[in-house]
Chemist: 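One structure follows; several queries about it will come next.
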Amino acid sequence: MAAISFIGKKMFCDFTVLQYAGFFILGAVVSLINSIAGGGSTLSLPLMIFMGIPPTVANGSNRIGLIVGNFSSAFNLMKHGYLNKKIFLQLLVPTIVGSLIGVCVLVHIGDRAFQGILATAILMIVGMNFLKEDILGKPPTTPPEKLTVKGAIGFALVAIYGCIVQVGVGLVQIFSLRRYTGLEPIRINALKNALTNVFLIVSTTALGFSGKIYWDVAVLMAAGAWLGGYSGSFLQRKKGNKFIKYFTQVCSVAMAIYLIVDLIK
C-alpha cells in the first residue's frame, strides 16, 4: 500500500475510491451507534485493521471522526437543553487528569501490544452489555451536588481507559454516569458525548504528533461522523437500540476472535 511520508511518518494512504467511500459510510455508522448507545469503535477499528491500517494508526485515525461525531451529537442535545452543565463541570477536572495520565501510556504502545489489548477490551465490553443495570445497586434519584471522591477516581480511570484503548468507552461512560447521576438516558448521552471529547482531543493530539493518523482516512470518516452524530441525536428516544447493540456485539465477538488468532500466529 503506497503512502506519503512526513518526517518519517506516513500521513496518507493510496486507497481506491470505493474504499474511501466505505470509510465515509463507516464514520457515519459508527458515529450513529456511538451517539445512541456507544461501542461503535468495536466495529470500526477491526475493519480498519483488516483493510491494512496498522492498529495504532487505525486507533488514531478513528478518533478524528469520533471527536466530530460526539461534538455534533452533544451540541445538538445541548441546544435542546439536555446537557447538565453542572455535572459536566464537576467531572471535567478528573477527566482531564485521567487524560494526561493515559496519553503518556498511549504514545508508547506498539502495534502488537495494542492489538492484544484491543481484542481483550472488545470481549470485555461485549460481556459488559449483558450485566444487569442495577448490579451494584440502584443509582441515586438526583445527581450529587459536589464531586465525590469515588466519582473523581472513577471518571479519571474512565479517561485513562478512553485515552489508551477508547474502544467501548461510551458503554463504560453510560454505565458510570448512570451510577453517578441517576439521570435519564438522553441526558446521560449528552454528558457522555461531551466528556468523551475531552480525552479524545487530548489523546488524538498526541497521536497526531506521533504520526499515528492517516489524514485522508480520518477526514473522510469525520465527514461521515458529523452526519451520523447529528442524526443519532434525533433518534435518541426511538426504539432500535437493542438491535444496534446486538448487531455490534456479534460483529465484535467475531472480530475479537480474529484479532486474537492473528496475534498468536
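Because the structure is predicted, anything quoted here is derived from the model rather than measured.
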Chemist: Calculate, to the nearest 0.5 Å, the distance between atoms CG and CG belonging to N189 and L83 respectively.
Modeler: 11.5 Å
Chemist: When rounded to the nearest 0.5 angstrom, what distance separates CD1 in I160 from SG in C104?
Modeler: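 Here the rounded value is 10.0 Å.
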Chemist: Evaluate L100 against I96 for side-chain contact (heavy atoms from CB on, under 4.5 Å), listing each step before the verdict.
Modeler: CA-CA 6 Å; L100 295 175; I96 292 174; 4.3 Å; yes
Chemist: Given L191, which of L177, I174, L77 fulfils the side-chain contact (heavy atoms from CB on, under 4.5 Å) condition?
Modeler: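 Per the side-chain contact (heavy atoms from CB on, under 4.5 Å) rule, the option paired with L191 is L177, out of L177, I174, L77.
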Chemist: If I compare all heavy atoms of A225 with all of G65, which pair ends up nearest, and what's the gap?
Modeler: CB-O, 2.9 Å
Chemist: Tell me whether I25 shares a hydrophobic cluster with L227, the cluster being built from Ile, Leu, Val, Met, Phe, Trp, Tyr side chains joined at under 4.5 Å.
Modeler: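 I25 and L227: separate clusters.
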Chemist: Looking at NZ of K86 and CG of L91, how far apart are the two atoms once the value is rounded to the nearest 0.5 Å?
Modeler: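 Rounded to the nearest 0.5 Å, the NZ-CG separation comes out at 12.0 Å.
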Chemist: Before you tell me yes or no, could you show the steps for N59 and L106 under side-chain contact (heavy atoms from CB on, under 4.5 Å), namely the whole-Å CA-CA distance, both residues' side-chain angles and the distance that decides it to 0.1 Å?
Modeler: CA-CA 10 Å; N59 187 27; L106 174 66; 3.8 Å; yes
Chemist: So, using ring-ring contact (aromatic ring centres under 6.0 Å, His included) as the criterion, who are the partners of Y180 when residues are at least two apart?
Modeler: F155
Chemist: What is the distance from atom CG of L26 to atom OG of S31, rounded to the nearest 0.5 Å?
Modeler: 11.0 Å
Chemist: Rounded at 0.5 Å granularity, tell me how far CD1 in I67 sits from CH2 in W226.
Modeler: 13.0 Å
Chemist: List the steps, then state whether side chain to side chain donor-acceptor pair (under 3.5 Å) holds for N70 with T196.
Modeler: CA-CA 8 Å; N70 278 335; T196 297; 4.9 Å; no
Chemist: With side chains defined as the heavy atoms from C-beta onward, is the minimum distance between M221 and I64 less than 4.5 Å?
Modeler: no
Chemist: Kindly list each side-chain donor-acceptor pair under 3.5 angstrom involving residues 199-206, sequence neighbours excluded, with atom names and distances?
Modeler:
from: S203; atom 1: OG; to: R63; atom 2: NH1; distance (Å): 2.6
from: S203; atom 1: OG; to: F199; atom 2: O; distance (Å): 2.9
from: S203; atom 1: OG; to: L200; atom 2: O; distance (Å): 3.2
from: T204; atom 1: OG1; to: L200; atom 2: O; distance (Å): 2.6
from: T205; atom 1: OG1; to: I201; atom 2: O; distance (Å): 2.7

Chemist: Looking only at heavy atoms, which two atoms of P143 and L183 are closest? And how far apart?
Modeler: CG-CD2, 3.7 Å
Chemist: Give a yes or no on whether L89 atom CG has more than 12 heavy-atom contacts from other residues, nucleotides or ligands under 6.0 Å away.
Modeler: yes
Chemist: Side chains of L66 and V30: closer than 4.5 Å at any heavy-atom pair?
Modeler: yes
Chemist: I164 and G102: which non-hydrogen atoms are nearest, and at how many Å?
Modeler: CG1-O, 3.5 Å
Chemist: Could you measure the distance from the CD atom of Q19 to the CG atom of L220? Nearest 0.5 Å is fine.
Modeler: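 Answer rounded to 0.5 Å: 12.0 Å.
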Chemist: Between the side chain of S99 and the main-chain N/O of T95, is any donor-acceptor distance below 3.5 Å?
Modeler: yes
Chemist: If you look at every heavy atom in A58 and I53, which pair is closest and at what distance?
Modeler: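 That closest heavy-atom pairing would be N-CG2, 3.5 Å.
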Chemist: Can you name the nearest heavy-atom pair linking L207 to G60, along with the distance?
Modeler: CD1-CA, 3.5 Å
Chemist: Is it the case that the side chain of Q90 and the backbone of A152 share a donor-acceptor pair, with hydrogens and angles ignored and the cut-off at 3.5 Å?
Modeler: no
Chemist: Taking the inter-plane angle between the rings of F75 and F71 on a 0 to 90° scale, is it parallel (under 30°), tilted (30 to 60°) or perpendicular (over 60°)?
Modeler: parallel
Chemist: Set out, in order, the CA-CA distance, both residues' side-chain angles and the distance that settles side-chain contact (heavy atoms from CB on, under 4.5 Å) for N84 and T181, then state yes or no.
Modeler: CA-CA 10 Å; N84 188 315; T181 69; over 6 Å; no
Chemist: What residues form a side-chain contact (heavy atoms from CB on, under 4.5 Å) with V219, not counting sequence neighbours?
Modeler: none
